[in-house]
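Chain letters run A, B, ... following the sequence lines, proteins first and then strands; every chain starts at 1.
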Amino acid sequence: MLVEAIYDNGRVIFPMPYRFAHNRFTIKIDLPDIEVVDEGMASQGKAAEMLGDDESKPFNSEYPDEYIRFKKLQDASFGKQYEYVLGKTDRELIQEYWLEKHA
Amino acid sequence: MPRLYLWDTNIVLDVLLKRAQVNPYYEEIYISFIKNDWTIYLAAHQLCTIEYIYSKECSRANITLSEAWKVWALFRQRVTVLKTPSTHDWQSPLAQFDLMDYQIECAAKLIEAKIISRNEQFIARSSSSISPVQFLQSLIQDENVELTVPFLDLKTQHFEIRPQLEAAFDRTLNSGWYILGNEVKQFELEFAYYCEAKHCIGVGNGLEALHLILRAYGIGAGDEVIVPSNTYIATWLAASYAGATPVPVEPDERTYNIDPELIEQAITTRTKAIIAVHLYGQPADMDAINAIAKKYKLKVVEDAAQAHGALYKGKRVGTLGDAAGFSFYPGKNLGAIGDGGAVTTNDPDLAEKVRVLSNYGSRVKYQNDVKGFNSRLDELQAAFLREKLRKLEEWNGQRKVIASAYLSALKNSKFILPCVPEWADPVWHLFVVRDQQREKLQKKLSEARVATMIHYPIPPHLQQAYSDYGYNKGNFPIAERIHDEVLSLPMFPGMNESQTNLVISVCSTHEIKRASYSEDEIPREQR
């Protein structure tokens with residue numbers, strides 16, 4: 001499957017959300033020559049990181065304080081291991097809401 | 001003008017519920033808002049849906065609701081709620097397709113915001129909606145957009161308190177009382193308290209404030225009023241409106257305010273008052289002015305149109321003389337959303353006279369004691385001003401931070417920077433530099449997309465309006481020189497660090513010729 005994506009400061013942004021079978025796997029990227037300034041430097045630079053639900057992504061000082069506070073509170077409330085499990089769609093839940101409220 | 005974004009309900013829930021499977025970009029989006037310090041706008045009608053789905057999903061995942069609510073409460077700190085407009089077009093295709101999405105779009109259009117949504121059908125039907133990927137792509141494009149610095153940005157300032165301003169509008173509209181009602185009464189109390197004055201009377205504008213003070217003191221035809229030669233023409237017009245003659249006195253070239261040492265020689269037997277202007281937000285030397293006024297039994301009127309909140313020896317402007325006139329022109333430190341003004345004083349007799357004069361000369365409706373004027377602060381502006389007064393100290397603080405950055409970064413340049421005497425705590429209505437090559441500097445800043453203004457290009461004595469006084473170029477050389485050389489740099493609450501740095505970097509590279517007064521006259525701190 002060939003898709004066009006955007007490289008942005010060490011991350012690859014896809015044009016639409018995908019669900020992947022694994023959190024980490026190899027992809028082939030067609031780098032435009034004009035964008036590669038120095039191959040040696042590039043290899044020592046920050047590894048490209050795929051955007052997504054990557055639990056191994058380091059949670060460190062690169063994040064703004066406000067987000068760290070939010071994340072800590074969310075982890076404390078939901079439990080650190082919490083992962084969202086797909087259920088009803090928002091639209092289905094909104095319909096339930098209207099039924100509950102106005103039935 | 002920063003970009004504004006409203007979040008569709010699904011994006012908010014993605015962040016709150018960590019829904020990476022359906023939106024792998026939720027974290028990136030949220031973090032980008034925090035990093036850019038952007039507000040997350042939500043339409044009021046979204047809130048109940050968000051809370052319902054969030055609580056349902058938390059229950060499904062066995063998460064304690066009281067704990068989950070803390071997450072939502074923290075998230076809400078970055079949220080501003082927009083009212084859903086009452087102007088519905090039921091025939092709109094989006095309204096016919098999905099009324100909730102239509103209302104979201106209506107709210108977004110109020111502030112010209114983009115909507116970030118995962119709902120493909122919404123995106124397809126709405127010109128304001130973009131997907132998470134389109135949002136992230138736009139961030140990359142933004143990096144290539146060249147920075148601009150407006151001279152003043154009132155729109156963004158008002159976004160900060162939009163809900164409060166909307167509430168003020170609703171409050172006034174619902175009151176059914178639009179002239180001299182509760183809003184004006186409350187604002188007068190609150191502004192008097194802020195200025196540490198015993199009385200405040202709302203009037204139509206700043207010029208009327210000064211004019212009514214002079215009238216209330218009985219100053220009129222045949223009288224003279226000392227005014228600065230270096231000021232905006234409104235100061236002079238106030239004396240002229242009253243029927244008196246404005247008598248100009250040159251400024252102290254360091255502070256641009258009236259030079260107390262030159263006042264005495266302008267006093268005649270006809271002199272009745274001195275109007276001291278706190279130009280650009282910096283208090284005039286009031287002790288010296290008051291001492292002269294006391295000696296000659298003159299009234300001292302402060303023109304505080306540009307100095308809301310400024311301090312002179314730790315005391316607020318507004319009570320430093322016999323009375324003070326304030327302007328609430330929109331661009332002022334405390335500005336209305338239209339015109340407005342006020343008089344402050346500790347003199348109860350003057351307060352009463354100004355109040356009567358401003359309302360057709362009437363104390364009791366349809367009984368007119370004197371030939372008064374119609375110059376009243378209207379209810380709606382008073383309601384807006386009450387909300388903005390609560391932010392004044394914070395906004396003045398932001399101006400001080402910008403001024404401090406300018407003063408510090410440009411101290412080694414050959415600019416003539418503003419001089420702040422030790423007794424003054426100015427509020428930086430304007431940050432004015434001086435340069436003999438002003439036009440070159442202005443052009444250079446303009447080419448770098450930095451807007452500047454000149455306050456003011458022509459002194460009052462050389463204006464056509466005062467041609468009958470027979471003044472010529474050279475009559476007030478200090479004021480003329482200042483008018484020829486001053487340039488106001490951008491200065492407004494909400495001006496960000498990048499914008500300040502751009503102004504500084506352009507100014508720093510400008511080759512400046514010394515202004516025309518000698519090195520010895522330049523304040524020590526600026527050498």
> Sort out for me which of B:Leu13, B:Thr64, B:Leu74 touches chain A most, counting heavy-atom pairs under 4.5 Å.
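Between B:Leu13, B:Thr64, B:Leu74, the count favours B:Leu74.
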> Please check if the number of heavy atoms outside A:Glu92 that lie under 6.0 Å from its CD is greater than 12.
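Counting neighbours around CD of A:Glu92, more than 12 heavy atoms of other residues, nucleotides or ligands fall under 6.0 Å, so yes.
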> Counting only heavy atoms not in B:Glu497 (residues, nucleotides, ligands), do more than 12 fall under 6.0 Å from its CD?
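Atom CD in B:Glu497 is not crowded, with 12 or fewer foreign heavy atoms closer than 6.0 Å.
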> May I ask you to test the A:Pro64-B:Ile31 pair for a side-chain heavy-atom distance under 4.5 Å?
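Yes, close enough: below the 4.5 Å cut-off.
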> Using a strict 4.0 Å threshold on nitrogen-to-oxygen distance, state whether A:Asp90 and B:Arg19 make a salt bridge.
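Looking at A:Asp90 and B:Arg19, the cut-off is met.
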> Against chain A, label B:Glu57 side chain, backbone, both or neither, depending on which of its atoms sit under 4.5 Å from a heavy atom there.
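Contact with chain A is through the side chain of B:Glu57 alone.
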> In Å and rounded to the nearest 0.5 Å, what is the CD to OH distance from B:Glu27 to A:Tyr67?
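Output value for this atom pair is 3.5 Å.
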> Under 4.5 Å heavy-atom distance to chain A, tell me which part of B:Asn119 shows up: side chain, backbone, both or neither.
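Side chain only.
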> Mind checking whether A:Phe78 and B:Glu67 have side chains closer than 4.5 Å, heavy atoms only?
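Not in contact.
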> Which pair of non-hydrogen atoms, one from A:Ile94 and one from B:Ile53, has the smallest distance, and what is that distance?
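For A:Ile94 and B:Ile53, the tightest heavy-atom pair comes out as CG1-CD1, 3.8 Å.
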> I need the minimum non-hydrogen distance between B:Ile63 and A:Ser77, along with the two atoms involved.
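It is CG2-O, 3.6 Å.
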> Does a side-chain heavy-atom distance below 4.5 Å link A:Arg91 with B:Asp98?
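Answer yes - side chains close enough.
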> Before giving the answer on side chain to side chain contact (heavy atoms under 4.5 Å, CB included), spell out for B:Gln77 and A:Glu66 the whole-Å C-alpha distance, their side-chain angles and the decisive distance to 0.1 Å.
CA-CA 10 Å; B:Gln77 289 178 8; A:Glu66 185 180 329; 5.8 Å; no
> Anything under 30° is parallel, anything over 60° is perpendicular, the rest tilted; go ahead and classify A:Phe70 against B:Tyr30.
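Answer is perpendicular, since the angle exceeds 60°.
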> To the nearest 0.5 Å, how far apart are CG in B:Leu17 and OH in A:Tyr84?
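The CG atom of B:Leu17 sits 6.0 Å away from the OH atom of A:Tyr84.
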> Given heavy-atom pairs under 4.5 angstrom as the criterion, report whether the side chain, backbone, both or neither of A:Glu100 touches chain B.
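Just the side chain, heavy atoms under 4.5 Å.
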> Report yes if the side chains of B:Arg60 and A:Lys88 come closer than 4.5 Å at any heavy-atom pair, otherwise no.
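With C-beta onward as the side chain, the pair stays apart.
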> Name all residues meeting the ring-ring contact (aromatic ring centres under 6.0 Å, His included) criterion together with B:Phe135; count only those two or more places apart in sequence or in a different chain, and write none if there are none.
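Applying ring-ring contact (aromatic ring centres under 6.0 Å, His included) to B:Phe135 gives B:Tyr5, B:Phe33.
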> Under the 3.5 angstrom rule, does the side chain of A:Gln74 hit a backbone N or O of B:Leu16 as a donor-acceptor pair?
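It does hold such a pair.
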> Relative to chain A, which segment of B:Lys70 carries a heavy atom at a distance below 4.5 Å: side chain, backbone, both, or neither?
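When you check distances to chain A, atoms from both the backbone and side chain of B:Lys70 fall under 4.5 Å.
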> Tell me, for B:Asp14 versus chain A, whether the close heavy atoms (under 4.5 Å) come from the side chain, the backbone, both or neither.
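Nothing of B:Asp14, per the 4.5 Å heavy-atom cut-off to chain A.
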